[in-house]
Amino acid sequence: QVQLVESGGGLVQAGGSLRLSCTTSGIIFSVHAMGWYRQAPGKQREFVARITSGGSTNSADSVKGRYTISRDNAKNTVYLQMNSLKPEDTGVYYCNSLRLGSSYWGQGTQVTVSS
């Protein structure tokens, strides 16, 4: 079966950093686009960053200059390096995989940024 497992979330003070990981199985990882989304309590899930199979990246304006998405095809893993964290970055962060109309989601990992 297809499985995406996020890790690396936690509690951090404003200005701190976290590195999230998403390890996949059941897909041909190297040909999938990968993305990160987040959802704050009471709000809709929003796009954070994505990376194509070719390595092109883009991110939401709210995280530009602070977050970096990357991938390691040998490990079937996508990463999200988060720096200069703010309280408004708090939420559950989800990993997403997309290829030819098939979309998969992980269970999410909690990120809490205190002021």
Side-chain angles (χ1 to χ4, degrees):
Q1 77 281 13
V2 175
Q3 190 172 53
L4 283 66
V5 180
E6 300 95 335
S7 62
L11 176 63
V12 64
Q13 289 186 319
S17 298
L18 286 172
R19 190 193 194 202
L20 306 184
S21 299
C22 172
T23 299
T24 69
S25 61
I27 63 170
I28 305 174
F29 179 82
S30 62
V31 301
H32 281 245
M34 301 296 300
W36 287 97
Y37 295 73
R38 68 188 181 189
Q39 187 169 20
K43 296 186 177 181
Q44 294 183 336
R45 189 173 300 184
E46 65 175 346
F47 166 77
V48 174
R50 69 168 62 90
I51 184 167
T52 70
S53 60
S56 298
T57 64
N58 70 296
S59 59
D61 288 343
S62 60
V63 306
K64 274 187 170 66
R66 301 187 298 120
Y67 288 17
T68 302
I69 188 170
S70 62
R71 66 191 296 156
D72 186 340
N73 287 348
K75 297 181 178 180
N76 294 338
T77 299
V78 63
Y79 305 96
L80 186 68
Q81 178 66 47
M82 305 185 294
N83 299 324
S84 302
L85 285 163
K86 305 173 181 179
E88 51 262 44
D89 294 320
T90 293
V92 178
Y93 282 68
Y94 297 91
C95 178
N96 172 256
S97 175
L98 179 64
R99 172 69 173 173
L100 298 177
S102 296
S103 183
Y104 306 100
W105 295 93
Q107 293 296 112
T109 185
Q110 177 70 44
V111 172
T112 303
V113 184
S114 63
S115 60

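Reckoned from all heavy atoms, side chains included, excluding hydrogens, waters and symmetry mates.
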Where is the tightest heavy-atom contact between [X] and [Y], given as atom of each residue plus distance?
X      : Y     : result
Cys22  : Met34 : SG-CE, 4.4 Å
Ser115 : Ala14 : CA-CB, 4.4 Å
Leu80  : Trp36 : CB-NE1, 3.5 Å
Ile69  : Gly35 : CD1-CA, 4.4 Å

Handout entry: Thr90 side chain to Thr112 side chain, donor-acceptor N/O pair below 3.5 angstrom
Key =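 No.
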Exercise for the section: Determine whether the side chains of Ser103 and Asn96 contain a donor N or O and an acceptor N or O closer than 3.5 Å. Expected result: yes
Using 0.5 Å steps for rounding, measure from the [atom1] atom of [X] to the [atom2] atom of [Y].
X     : Y      : atom1 : atom2 : result
Arg50 : Ser97  : CZ    : OG    : 13.0 Å
Gln81 : Arg66  : CD    : CZ    : 12.0 Å
Leu98 : Trp105 : CG    : CH2   : 9.5 Å
Leu85 : Ser114 : CG    : OG    : 10.0 Å
Ile28 : Ser53  : CD1   : OG    : 12.0 Å

Using the test salt bridge (charged side-chain N to carboxylate O under 4.0 Å, His left out), find all partners of [X] that sit at least two apart in sequence or belong to another chain.
X     : result
Lys43 : none
Arg99 : none
Glu88 : none

Practice task
Over 60° means perpendicular and under 30° means parallel, so classify the ring planes of Tyr93 and Tyr67, tilted if in between.
Solution key: tilted
Practice task
On the 0 to 90° scale, with breaks at 30° and 60°, tag the Tyr104-His32 ring pair as parallel, tilted or perpendicular.
Solution key: tilted
Exercise for the section: Check whether any side-chain N or O of Thr52 sits under 3.5 Å from a backbone N or O of Ser56 as a donor-acceptor pair, and report yes or no. Expected result: yes
Exercise for the section: Taking Lys75 for its side chain and Thr23 for its backbone only, find out whether a donor-acceptor pair lies under 3.5 Å. Expected result: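 Not a single qualifying donor-acceptor pair exists.
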Exercise for the section: Kindly work out whether a path of hydrophobic side-chain contacts (I/L/V/M/F/W/Y, heavy atoms less than 4.5 Å apart) joins Tyr37 to Ile51. Expected result: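 Hydrophobic grouping puts Tyr37 apart from Ile51.
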Exercise for the section: Give the cluster check for Tyr94 versus Tyr79: same hydrophobic cluster or not, with ILVMFWY residues linked at side-chain heavy-atom distances below 4.5 Å. Expected result: no
Problem - Under the side-chain hydrogen bond (donor to acceptor under 3.5 Å, both in side chains) test, residues paired with Asp72 that sit two or more places apart - result: none
Solution key, residues 4-13 side-chain donor-acceptor pairs under 3.5 Å, sequence neighbours excluded:
| residue | atom | partner | partner atom | Å |
| --- | --- | --- | --- | --- |
| Glu6 | OE1 | Gln107 | N | 3.0 |
| Glu6 | OE1 | Gly108 | N | 2.9 |
| Glu6 | OE2 | Cys95 | N | 2.7 |
| Glu6 | OE2 | Gly108 | N | 3.3 |

Handout entry: Contact list for residues 19-38, test salt bridge (charged side-chain N to carboxylate O under 4.0 Å, His left out), sequence neighbours left out
Key = Arg38-Glu46, Arg38-Asp89
